[in-house]
4 protein chains.
Amino acid sequence: MEKTIIKKKMEIKLKNPVLIEGFPGLGMVGRIAARYLIKQLKAKKLADLFSPHFPYYVLVNKKGSVRLLRGEFYFWKNKNGKNDLLLLTGDQQAQTIEGQYDVASCILDFAEECGVKMIITIGGYRQETEDTPKVVTVSTNPELLNKALQAEAVASPAGNPIVGTAGLLLGLARFRNIGALCLLGETRGYLRDPKSAKSVLSVLQKILGIKLDLSGLEGEINKTNEIMEKMREIEERRETYAHKIRQMEEERITYIS
Amino acid sequence: MEKTIIKKKMEIKLKNPVLIEGFPGLGMVGRIAARYLIKQLKAKKLADLFSPHFPYYVLVNKKGSVRLLRGEFYFWKNKNGKNDLLLLTGDQQAQTIEGQYDVASCILDFAEECGVKMIITIGGYRQETEDTPKVVTVSTNPELLNKALQAEAVASPAGNPIVGTAGLLLGLARFRNIGALCLLGETRGYLRDPKSAKSVLSVLQKILGIKLDLSGLEGEINKTNEIMEKMREIEERRETYAHKIRQMEEERITYIS
Amino acid sequence: MEKTIIKKKMEIKLKNPVLIEGFPGLGMVGRIAARYLIKQLKAKKLADLFSPHFPYYVLVNKKGSVRLLRGEFYFWKNKNGKNDLLLLTGDQQAQTIEGQYDVASCILDFAEECGVKMIITIGGYRQETEDTPKVVTVSTNPELLNKALQAEAVASPAGNPIVGTAGLLLGLARFRNIGALCLLGETRGYLRDPKSAKSVLSVLQKILGIKLDLSGLEGEINKTNEIMEKMREIEERRETYAHKIRQMEEERITYIS
Amino acid sequence: MEKTIIKKKMEIKLKNPVLIEGFPGLGMVGRIAARYLIKQLKAKKLADLFSPHFPYYVLVNKKGSVRLLRGEFYFWKNKNGKNDLLLLTGDQQAQTIEGQYDVASCILDFAEECGVKMIITIGGYRQETEDTPKVVTVSTNPELLNKALQAEAVASPAGNPIVGTAGLLLGLARFRNIGALCLLGETRGYLRDPKSAKSVLSVLQKILGIKLDLSGLEGEINKTNEIMEKMREIEERRETYAHKIRQMEEERITYIS
């Protein structure tokens with residue numbers, strides 16, 4: 001395998017499809033959101049993406065079998081609306097600089113082939129927050145941006161970098177005249193953050209004009225809250241000791257000065 | 001040399017060949033097992049694999065000559081059974097991500113050319129264990145998996161990553177309709193582990209329906225046991241001192257708090 | 001995107017154009033100088049350069065939109081002189097070794113296409129200095145070098161390496177019979193250094209025979225001076241403590257020796 | 001520049017040429033030896049090798065000009081003997097794994113084009129030694145190896161890795177039926193080591209049947225000896241202090257145990 005490849009499982013005709021992308025990244029927000037969407041919508045598998053730029057290991061699955069790391073395209077036929085969905089998630093991002101550009105280009109080739117005219121990428125936005133995470137947005141298209149702002153997303157500050165596939169898809173979509181929007185859920189980023197993914201999905205359903213049941217995320221949100229509570233306790237205890245050691249060092253210095 | 005290449009030393013017709021791969025990795029389990037197999041079966045050299053993704057040094061051999069790092073294919077004509085063997089080992093694994101995918105693809109090209117319809121890869125599985133190392137297995141094919149489980153291998157837990165050539169061969173074999181099985185011997189991984197290789201070979205002979213004399217590994221197993229015993233002693237002594245220093249630090253903190 | 005590409009925004013005929021390059025680097029001297037030049041001359045955008053060797057993130061701009069990292073070519077029609085200018089700056093340099101050579105070659109392809117017969121690259125030269133930064137120069141062409149020395153640049157010591165695009169453009173220009181000159185402003189290098197950029201621009205205007213108003217850099221120079229003053233204070237305080245700790249350690253050693 | 005290229009400065013017919021290679025490496029032994037040889041023999045420049053795998057900087061030379069990093073081929077017409085020499089040295093080695101294989105292959109292409117039938121590579125062999133450094137040798141050809149042993153080189157121990165161009169040229173020469181020999185001068189490796197280069201040249205002249213005046217290396221040898229003497233003094237003083245600190249730590253532990 002010398003190049004990134006996409007293996008289709010079937011031929012399907014999609015109606016004005018919107019591509020929703022959520023790869024792993026900060027707080028796993030993109031991946032959690034995309035996978036929840038796929039599950040809730042009972043989306044069907046359309047294709048796999050394999051790449052020599054993914055890490056070089058395989059994963060064991062539940063049946064004792066094994067598979068390459070991959071991206072997965074799913075589709076959802078929207079009977080009541082005007083846009084079918086093409087959903088993309090994956091195990092890992094490309095690991096080299098050139099690989100990142102290659103995988104993003106390959107995704108866009110496939111999106112064009114499927115007739116995609118609009119892309120929404122999902123990721124995390126590093127921000128310390130106690131409350132409901134906000135959703136930060138940017139778009140290559142003012143109309144799309146407005147739609148996101150009306151759905152209660154907030155505009156990203158200028159100069160903010162969007163790293164990886166979620167960012168490159170927007171940057172490269174311009175060359176193909178595909179409108180693209182990015183939704184970034186606020187997250188501390190070092191733990192899986194289903195709460196942030198929920199915020200993003202809540203904005204996303206308004207943009208897409210679909211109705212999602214997001215209660216299925218509550219279980220994971222509670223679990224994450226517990227882990228964070230424990231980590232905070234440990235951190236406080238560590239800080240108490242660190243403070244005492246710093247005091248002692250200062251006393252030493254005072255003593256000799 | 002811009003690409004991975006395979007240089008054949010002879011033309012040979014193999015009968016339903018099974019490819020057995022054992023490259024260096026965790027505890028060197030794959031390499032030890034493959035090399036022992038080659039030696040025991042008096043397998044003959046068929047081809048060399050060279051790659052610009054291997055490390056950029058050459059090795060001096062006993063005759064004062066020198067050679068590139070390489071993979072080596074051997075073959076064994078199985079007079080009493082229905083599967084000849086194609087055996088593969090090597091000095092090192094590919095050093096870059098893209099190189100790993102390239103070398104694995106090149107091995108599969110050659111396997112196809114030789115008519116291989118089944119692949120067994122060997123590696124290590126990180127696990128602290130005092131007893132006889134277990135052999136953990138996965139397969140792309142339920143029938144093959146069953147064969148391994150009957151030979152007293154145990155199924156791998158889901159989510160386990162299999163790194164490097166042993167894993168990628170399985171992942172990539174799917175695209176070619178070649179059934180593939182992986183046997184991972186439990187090992188601590190930081191020392192050569194002939195005991196783990198022995199466990200793997202003991203399972204492998206049952207799967208292949210051949211009989212191997214594994215007593216030749218005992219010498220190396222004893223040597224490794226001695227080294228581990230010494231390392232344990234050193235570790236204990238170091239821990240005694242480290243414990244005293246920690247006590248002292250705690251006293252300091254108690255004193256100032 | 002597998003290769004570095006240049007996207008032209010218009011067709012333009014330039015008169016004996018000189019290419020001025022200033023990418024980010026030591027003290028950001030090249031980028032500050034090139035951007036100031038573009039602004040002062042009201043140069044017009046000619047083309048964008050995109051590369052899979054740039055970092056894999058996109059940048060949010062003021063309008064809530066987003067773009068790939070890029071190089072930017074501007075042009076300036078010199079009504080009173082004999083050389084039009086082609087100006088190049090960018091967000092980042094290529095991140096891999098091979099990428100650096102690829103981007104520099106791509107720039108030279110475009111320069112040739114535009115009829116460029118002379119290149120001036122701008123960068124920083126690491127040097128501790130309190131006074132007005134000097135401008136260090138080298139050239140592939142003795143005549144050009146003389147011009148720079150007459151404009152009060154000083155010759156670079158032999159053996160000095162010039163890293164990145166500013167250097168490679170000179171090295172590779174030789175193969176194309178394009179004369180090239182490099183102007184390096186002295187800088188400590190760890191902070192944006194508009195003072196050094198000013199020195200470079202002051203030399204550059206003499207070489208080009210144009211007149212620039214450099215007073216627009218004073219605001220940024222003052223801001224940098226303030227930051228440096230604060231850093232110096234912090235450094236002094238830190239050094240006082242470090243000195244006391246070293247004294248204490250020496251006393252300990254004296255005590256036990 | 002996407003590939004390694006060689007630019008010839010003239011057409012020349014060489015008589016049974018032997019290629020001598022000395023790139024930078026351990027103790028700079030190869031480079032010092034090759035450059036001394038070129039100077040002593042008044043060899044003439046034949047070609048330059050440029051590569052996108054060399055580091056991405058350029059070097060300023062004495063005339064205020066600048067050049068890419070490069071390899072340099074020189075030739076020497078041997079009027080009294082049967083082998084002309086093709087001499088190769090360079091500024092740096094290729095910086096990536098794949099680049100190392102690419103540069104070595106490119107050198108061999110050129111060697112074949114020049115009719116080279118024998119290659120001698122020079123490098124360093126890490127060894128603490130106070131006396132005259134020995135020269136360690138390996139060869140792809142038993143006859144060549146014997147010649148080197150008769151010239152007082154010693155055979156390399158088996159398993160020794162030879163890193164970089166000096167090694168890869170030997171490994172890859174095999175595919176082209178070019179006999180190759182490697183001469184490694186013993187060196188501590190962390191300083192330029194002209195003494196080791198002298199040992200290598202002394203062996204080399206016997207192999208080639210030519211007579212070299214090696215006294216020109218004495219100046220640099222004395223300078224290196226002085227630096228080493230100073231480094232030894234500093235090291236001793238540091239060790240005295242380190243010893244005292246260790247004693248103190250042990251006392252602390254004794255005290256609390």
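Letters A, B, ... mirror the listed sequences (proteins, then strands); counts begin at 1.
To the nearest 0.5 angstrom, C:Leu204 atom CG is 6.0 Å from C:Leu37 atom CG. With rounding to the nearest 0.5 Å, the separation of OG in C:Ser139 from CG in C:Leu144 is 4.5 Å.
In this structure, the side chains of C:Ser202 and C:Lys198 stay at 4.5 Å or more apart for every pair of heavy atoms. No side-chain heavy atom of D:Arg188 sits less than 4.5 Å from a side-chain heavy atom of D:Leu26. Considering only heavy atoms from C-beta on, C:Met28 stays 4.5 Å or farther from C:Phe23 through its side chain. Within the 4.5 Å cutoff, side-chain heavy atoms of C:Phe73 are placed close to those of C:Leu86.
In this structure, no portion of C:Pro142 lies under 4.5 Å from any heavy atom of chain D. The contact between C:Ile162 and chain D is made by backbone and side chain atoms together, counting heavy-atom distances below 4.5 Å.
Contacts with chain C (heavy atom to heavy atom, under 4.5 Å) involve no residue of residues 97-112 of chain D. Scanning residues 46-72 of chain D against chain C with a 4.5 Å non-hydrogen threshold yields D:Phe50, D:Ser51, D:Pro52, D:His53, D:Phe54, D:Pro55, D:Tyr56, D:Tyr57, D:Val58, D:Leu59, D:Val60, D:Asn61, D:Lys62, D:Lys63, D:Gly64, D:Ser65, D:Val66, D:Arg67, D:Leu68, sorted by number.
Your options are C:Ala166, C:Ala94, C:Ser156, and the one with the most heavy-atom pairs under 4.5 Å with chain D is C:Ser156.
Taking every heavy atom of both residues into account, D:Leu191 and D:Met228 meet most closely at CD1-CG, 3.4 Å.
Ion pairing between C:Glu186 and C:Lys195 fails under the 4.0 Å rule for side-chain N and carboxylate O.
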